[in-house]
Undergrad: 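Provided herewith is a single structure, encoded as structure tokens, for subsequent inquiry.
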Amino acid sequence: MHMYIGGEWTDRDDKISVINPFNNSIVDTVPSATTDDVELAINSAVSGAKDIATLSGYERYQILRKAADLLEERTEDFARTITLEEGKVISEGRLEVSRAVQTMTLSAEESKRIHGEMVPLDGAPGWSGQLGFTLRVPCGVVTAISPFNFPLNLVCHKVGPALAAGNSVIIKPATDTPLSALKLTEILLEAGVPTGAIQCITGSGSSIGDPLVADSRVRKVTFTGSRDIGERICKTAGLKKVTMELGSNAPLIVMPDADIDKVVKATVSSGFSNAGQVCISAQRIITHEKVYGDYLDALSSEVELINTGDPLDESVKMGPMVRSQDAERVNGWIKEAVNAGARTVVGGEYSGAVHQATVVADVNPDMRISCEELFGPAVAVTRSAGIDEAIKMANDSNYGLSAGIFTQDIDWAMKFAREVESGNLMINSGPQYRADLMPYGGLKESGMGKEGPRYAVEEMTELKMVVYHP
Ligand code: NAP
């Protein structure tokens, strides 16, 4: 496919191959953009921002509504593209498309609700008679940088609200998975987004990332990806608004009164979907000592059933990781934990990019498989003595994106909600839960700012204060 910059589908001699991680075949190629291409994209986005700002909220609603409908009509094509470039099983590809349809629909609705508020200036001593109100206006040009693991829905979470708010947007998709974003760009143009208000530039973040982020004409950067790249972007962006959706090593606390069957189901879906490559994957399973053995036995039986293979095969439950180096890294961390005293209860092997679903027990919290972001198909099970110790362990992390607890005790559940340092808190669910309309974002080094169209629109607009002095 070609990239879309400066109002044209553009090719370059220098190409990047998009690889199917299951069998290493080339799915397609995309151009490798240069810094000149970044300049072209930003120039075009500056004039695109003026064009889209002239559209009414209702016109933006109509465009985004149509985009959602087109996306839904092409569900199977998008699901297949996601699976081919990213490696998640086809049922998860379809689920991602249906979520993306929701994200675009919610964004369309938000186009109609962008408003300021009256400010009661007479509440300030000595002031009366003035009329104060805020106007909510677009930022202008938004740079949207997305990760590989949800190549469609996480792009929609940036592009939908940016356009709903009347901004132009430059998408920089992950180099491993650019095809879904390019196809989404086709749909947005077909739905009527003004040329210039959308750019989709393909190329390595290490070569085109800095100018996309640093340019002072870009007024907002929205980034989803790893902690370290996020920190670099914050430093490079300078004086502009930023939203950071970063990594995590999400904990799941299992209390002694938990329904073990439910916990096992939640661990499997929260820990192993997309081969564990989800920012809110259950990674650290902090299990009360009274149920530790029963939980491990029940979990092992279920995890053994997770078969791996070609993600396009409907009978396969887990596909490859995005790259073979990642499977190798995950395996290295597992071996390191085992050498330090942990034990592999299920799985533990890999071939190419395919890593078996793995349960590692007796994990010490300072092992890398527990204290760093694993981002792979393994869970690390650790024993705890009670709620205080479990919460302390959950908080013993530089991250704070999502956490779960299983208990029937309302006091434990509320203590968890109050004391666990996390942006998302799930009671009787694994941490991997996200409804696309909810405010979603991390605490601590998991980031800043919120996504979810209603909340992202606030992050992608500026407030102007107007005072009428009669
Ligand atoms: P990544 O390596 O940080 O890459 C994310 C994006 O940043 C890619 O588009 C990448 O481009 C780009 N990039 C790389 N270097 C850059 C630079 N110097 N300047 C600007 N952009 C640059 O992350 P990933 O491996 O794709 O995704 C996995 C990470 O994302 C995990 O840490 C996961 O937890 C996190 N994540 C967080 C959320 C959330 O909502 N909090 C959701 C999903 C994923 P290239 O591909 O060209 O390198």
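Every number for a ligand or one of its atoms is a count from 1 in the order of the listing. Quick caveat, the model's predicted, so the values are computed rather than measured.
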Undergrad: Take a 6.0 Å sphere around NZ of K262 and say whether it holds more than 12 heavy atoms from other residues, nucleotides or ligands.
TA: no
Undergrad: Validate the cation-pi geometry between K172 and F223: distance from NZ or CZ to the six-membered ring centre under 6.0 Å, angle to the ring axis within 45°.
TA: no
Undergrad: Measure from NZ or CZ of R434 to the centre of the six-membered ring of F150, then state whether that distance is under 6.0 Å and the direction lies within 45° of the axis.
TA: no
Undergrad: Determine yes or no for a side-chain-to-main-chain donor-acceptor pair under 3.5 angstrom, with Q283 supplying the side chain and E372 the backbone.
TA: yes
Undergrad: Give a yes or no on whether a salt bridge exists between R60 and E110, defined as a side-chain N under 4.0 angstrom from a carboxylate O.
TA: no
Undergrad: Under 3.5 Å, N/O to N/O: give me all the pairs between ligand 1 and the protein, one per line with atom names and distance.
TA:
| from | atom 1 | to | atom 2 | distance (Å) |
| --- | --- | --- | --- | --- |
| ligand 1 | 3 (O) | S226 | N | 2.8 |
| ligand 1 | 3 (O) | S226 | OG | 2.6 |
| ligand 1 | 9 (O) | S146 | O | 2.8 |
| ligand 1 | 9 (O) | K172 | NZ | 3.3 |
| ligand 1 | 11 (O) | K172 | NZ | 2.8 |
| ligand 1 | 18 (N) | R232 | NE | 3.3 |
| ligand 1 | 26 (O) | F148 | N | 3.2 |
| ligand 1 | 30 (O) | G225 | O | 3.3 |
| ligand 1 | 32 (O) | E373 | OE1 | 2.7 |
| ligand 1 | 34 (O) | E373 | OE2 | 2.5 |
| ligand 1 | 41 (N) | L246 | N | 3.3 |
| ligand 1 | 41 (N) | L246 | O | 2.7 |
| ligand 1 | 46 (O) | T175 | N | 2.9 |
| ligand 1 | 47 (O) | K172 | NZ | 3.0 |
| ligand 1 | 47 (O) | T175 | OG1 | 2.4 |
| ligand 1 | 47 (O) | G205 | N | 2.8 |

Undergrad: Using a cut-off of 6.0 Å, state whether more than 12 heavy atoms not belonging to R74 lie near its atom CZ.
TA: yes
